Structures are given as structure tokens and as C-alpha cells.
Amino acid sequence: MKQPVISIVTICYNSASGIEETIRSVLSQDYPHKDYVIIDGGSTDGTQQIVEKYRAQLGYFRSEPDEGISDAFNKGVAAAKGDLIVMINSDDKMLPGALRAVAEAYDGRTDVYRGNVVIVNEKSNFRGREVPSMKFPLAPLRIHCAHQGTFITPGAYERYGGYDKKFRYMMDFDLLTRFYQRGASFKYVDTDIAEFRLGGVSGAAYHKKKYDILHVVTNNGGGRVRAYLYYIYMVLYDALRHLIMGLFGIDTLKRLHYGKFKPSGKSSDRA
């Protein structure tokens, strides 16, 4: 099996404070067959000037206003030239050896390859490992879908579609649910791919995600009753989560969920 070209897509907007660390983490990967795509939403804070420093090492760079995260993701997919495509946002950091590990797992048949993502809370120094879900049933009670560890073939995007621009928060959850429900094949890669810093749109309260939660279900074959029951469950879970964090500390549930982080550890507890 040939070594695949791997496209890394970074979307950003006014990300001058963190974009350079992201870029360096990608360009320093010890894997020669990489294609780095940066999609900027028309930044005005110096982000573009930072990206320009690395322009010669990029496969593609574009800066213009967009319609949101999903639109930027879709632009990145369209510009990518690789056999696999992964999204590493401007607040994320790709970990050493990630691309080589995925390339070794590449078989030319699987649609989606998923590795671990290290969850980081810089304010509390919390670190935990998210082992990815490999099944995406409708209205799951627990799911791990961090896109930073997800590598998708261009053919899968062509067959199952891209990111829904109507989604503001859960576009990766919707995409992976659609892929799974329509028969895409998934493969687990037991390595740490990237660091994901808590915050941003992913941390928004669930009541703000009503459209996304309902339509993850209804867009993928579920009825409205199931969708609303799922929404109620998610809002109640969110309220309980915030109550526990208020009483016992912000990282209480994360520590119970992820356990003690071991940098060189392997995990097989896949949902």
C-alpha cells in the first residue's frame, strides 16, 4: 500500500494569538506526504500576516468572509489534494508522530480513520484523553466525536456529503452520524492525534444548540418525537453537569470520565 497524502485543514478567524503554534505543529510532522490547507475568514488582527510567513510550505491559503464554520470546513475539503483529510483548527495542536501513525493504518478501503484527542483545560491544567466513538446511532446518550482526530477520504465526502451550513455547533456530529447511518466504514487508530483546548463554540450551553440537536436526529432518519426527547435529555444533562461543576469544580466530570492522563498509554475503551 502506497503512503497516502494527508491534507490538514485549518480554519481560522482573528486567531493571531494561537495560529502560529497550530501551523508549527502541523509543519513539524515527521511525515513527508502532507498537504496543508488554511482557510481564513477574512481576519483583521494580524492572522493573515502570520500565515504569510509560512506561505511557501502551504498547499493552499485563502482569506475571505465565509458563512460560518461549516462553510469554512467545506472550502477546506474542496481545496484539499490528499487521500485523507483532517480538520485541525487554529486553537488546536497536532501531536508529534500523528500523521505517520495514521499513514501506517491507511488501507485504501476505509472511509473514516479516527484517533484519540487530548482534551486540555489550560486554566486548570486538566488533561484527558478522548477515545473516539466508532458507532453513531441516532440520539446516543454518550458520544465522542472530536473532529481533530478524524481523517476522512475525499470519496466519502463525495458519497455522503459535506458539512451542513445550517449547523452552528454540531456539524461534525451530524456529518459522522450521516456517514455511519449510510454505511461508511470506520477504523480506529490507537494514537494521540491532537490537543483540543476547551472553549469556543463547543462549550456553548445545550439550549443554544437546539437546532443542531434536533436536526442531527431528523436529518438522519429519526422522527421529531425522538428528536425532542433527545433535546430534553441533552438540556437536562447539561443542567446537571453545570450543577456538579459548580459544587465540585469545573473538571470533576472530566476527571471521572477520562481518568488520569498517561502520555504514552494506549486505550481500547471505544464507544
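Note that the numbering runs from 1 along the sequence shown for the chain. On a predicted model such as this, the values are computed, not experimentally measured, just so you know.
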Practice task
Test salt bridge (Lys or Arg N to Asp or Glu O under 4.0 Å) on Glu52 and Arg55 and set out the steps.
Solution key: CA-CA 5 Å; Glu52 285 291 347; Arg55 186 68 175 266; 2.9 Å; yes
Exercise for the section: Decide salt bridge (Lys or Arg N to Asp or Glu O under 4.0 Å) for Lys166 and Asp164; before the verdict, give the C-alpha distance in whole Å, the side-chain angles of both, and the deciding distance to 0.1 Å. Expected result: CA-CA 5 Å; Lys166 294 180 180 178; Asp164 190 330; 6.0 Å; no
Handout entry: Criterion side chain to side chain contact (heavy atoms under 4.5 Å, CB included) on Ile19 and Asp40, from CA distance to verdict
Key = CA-CA 11 Å; Ile19 186 68; Asp40 177 64; over 6 Å; no
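Put simply, the side chain of Arg178 gets close to the backbone of Gly161: a donor and an acceptor are under 3.5 Å apart. Looking at Asp212, its side chain does come within 3.5 Å of a backbone N or O of Arg168 through a donor-acceptor pair. Side chain of Asp107 to main chain of Arg109: a donor-acceptor pair is present (N/O by atom type, distance under 3.5 Å, no hydrogens or angles). The closest donor-acceptor contact from the side chain of Thr150 to the backbone of Ala146 lies under 3.5 Å. A donor-acceptor pair under 3.5 Å is absent between the side-chain atoms of Ser15 and the main chain of Gly18, judged by distance alone. Formation of a donor-acceptor pair under 3.5 Å by the Gln29 side chain with backbone atoms of Leu99 is found in this model. Between the side chain of Asn220 and the backbone N or O of Val216, at least one donor-acceptor pair lies under 3.5 Å.
Taking the side chain as every heavy atom from C-beta outward, Lys210 and Tyr228 approach each other to under 4.5 Å. Tyr60 is not listed as a side-chain neighbour of Asp35, based on a closest heavy-atom distance of 4.5 Å or more. Leu95 is listed as a side-chain neighbour of Glu195, based on a closest heavy-atom distance under 4.5 Å. The side-chain heavy atoms of Leu176 and Arg114, taken from C-beta on, include a pair separated by under 4.5 Å. Here the side chains of Phe151 and Pro4 are not in contact, with every heavy-atom distance at 4.5 Å or above. Looking only at side-chain heavy atoms (C-beta outward), Gln181 and Leu138 come within less than 4.5 Å of each other. Residues His147 and Asn89 have side chains in contact (heavy-atom distance under 4.5 Å, counting atoms from C-beta outward). A 4.5 Å side-chain heavy-atom check between His215 and Thr218 finds at least one atom pair inside the cut-off.
Separating the CZ atom in Phe73 from the CD1 atom in Ile11 is a distance of 4.0 Å, to the nearest 0.5 Å. Residue Thr177 holds its OG1 atom at 10.0 Å from CG of Asn219, rounded to the nearest 0.5 Å. Remark: Glu130 CD to Ile119 CD1 distance equals 4.5 Å, nearest 0.5 Å. We find the CE-OH distance between Met170 and Tyr163 to be 14.5 Å, quoted to the nearest 0.5 Å. Atom NZ of residue Lys34 and atom CG of residue Leu27 lie 6.5 Å apart, to the nearest 0.5 angstrom. Put simply, CG on Asp174 and OG on Ser70 are 8.0 Å apart, with the number rounded to the nearest 0.5 Å.
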Please table the atom pairs, donor to acceptor, closer than 3.5 Å between any side-chain atom in residues 75-85 and protein atoms at least two apart or in another chain.
residue : atom : partner : partner atom : Å
Lys75   : NZ   : Glu64   : OE2          : 2.7
Lys75   : NZ   : Pro65   : O            : 3.4
Asp83   : OD2  : Val5    : N            : 2.8

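In this structure, Lys135 fails the cation-pi test against Phe186, since its NZ or CZ atom is not both closer than 6.0 Å to the six-membered ring centre and inside 45 degrees of the ring normal.
Under a 4.5 Å side-chain heavy-atom cut-off, the cluster of Ile, Leu, Val, Met, Phe, Trp and Tyr residues that includes Leu229 is completed by Val225. Cluster partners of Ile232, by chain and number: Leu236. The rule joins Ile, Leu, Val, Met, Phe, Trp and Tyr whenever side-chain heavy atoms lie under 4.5 Å apart.
Taking every heavy atom of both residues into account, Met134 and Tyr188 meet most closely at CE-N, 3.3 Å. Closest approach of Tyr113 to Ala105, counting heavy atoms only: CE2-O, 3.5 Å. The minimum heavy-atom distance linking Tyr206 with Met234 is given by the pair CD1-O, 3.3 Å. For Thr22 against Ser90, the heavy-atom pair with the smallest separation is OG1-O, 2.9 Å. Across all non-hydrogen atoms, the minimal contact from Asp172 to Cys145 is OD2-O, 3.7 Å.
Only one option out of Lys93, Arg127, Arg129 pairs with Asp192 in a salt bridge (charged side-chain N to carboxylate O under 4.0 Å, His left out); it is Arg129. Screening Ile6, Val9, Thr10 for a side-chain contact (heavy atoms from CB on, under 4.5 Å) involving Tyr36 leaves a single residue, Thr10.
Taking the side-chain contact (heavy atoms from CB on, under 4.5 Å) definition, one finds that Asp45 meets it with Asn14, Ala16, Ser43, Thr47, sequence neighbours left out. Looking at residues two or more places apart in sequence or on another chain, you find a ring pair (Phe, Tyr, Trp, His ring centres under 6.0 Å) between Phe167 and Tyr211. Among residues two or more places apart in sequence or in another chain, the salt bridge (Lys or Arg N to Asp or Glu O under 4.0 Å) test is passed with Asp111 by Arg159.
In this pair, Tyr230 and Tyr233 present their aromatic rings parallel. The plane angle is below 30°, not in the 30 to 60° band. Taking the six-membered ring for Trp and thresholds of 30 and 60 degrees, Phe179 and Tyr157 have ring planes more than 60 degrees apart, a perpendicular arrangement.
The hydrophobic cluster containing Tyr13 does not contain Ile38, counting ILVMFWY residues as joined when their side-chain heavy atoms lie under 4.5 angstrom apart, directly or transitively.
Using a cutoff of 4.0 Å between basic side-chain nitrogens and carboxylate oxygens, Arg24 and Glu20 are scored as salt-bridged.
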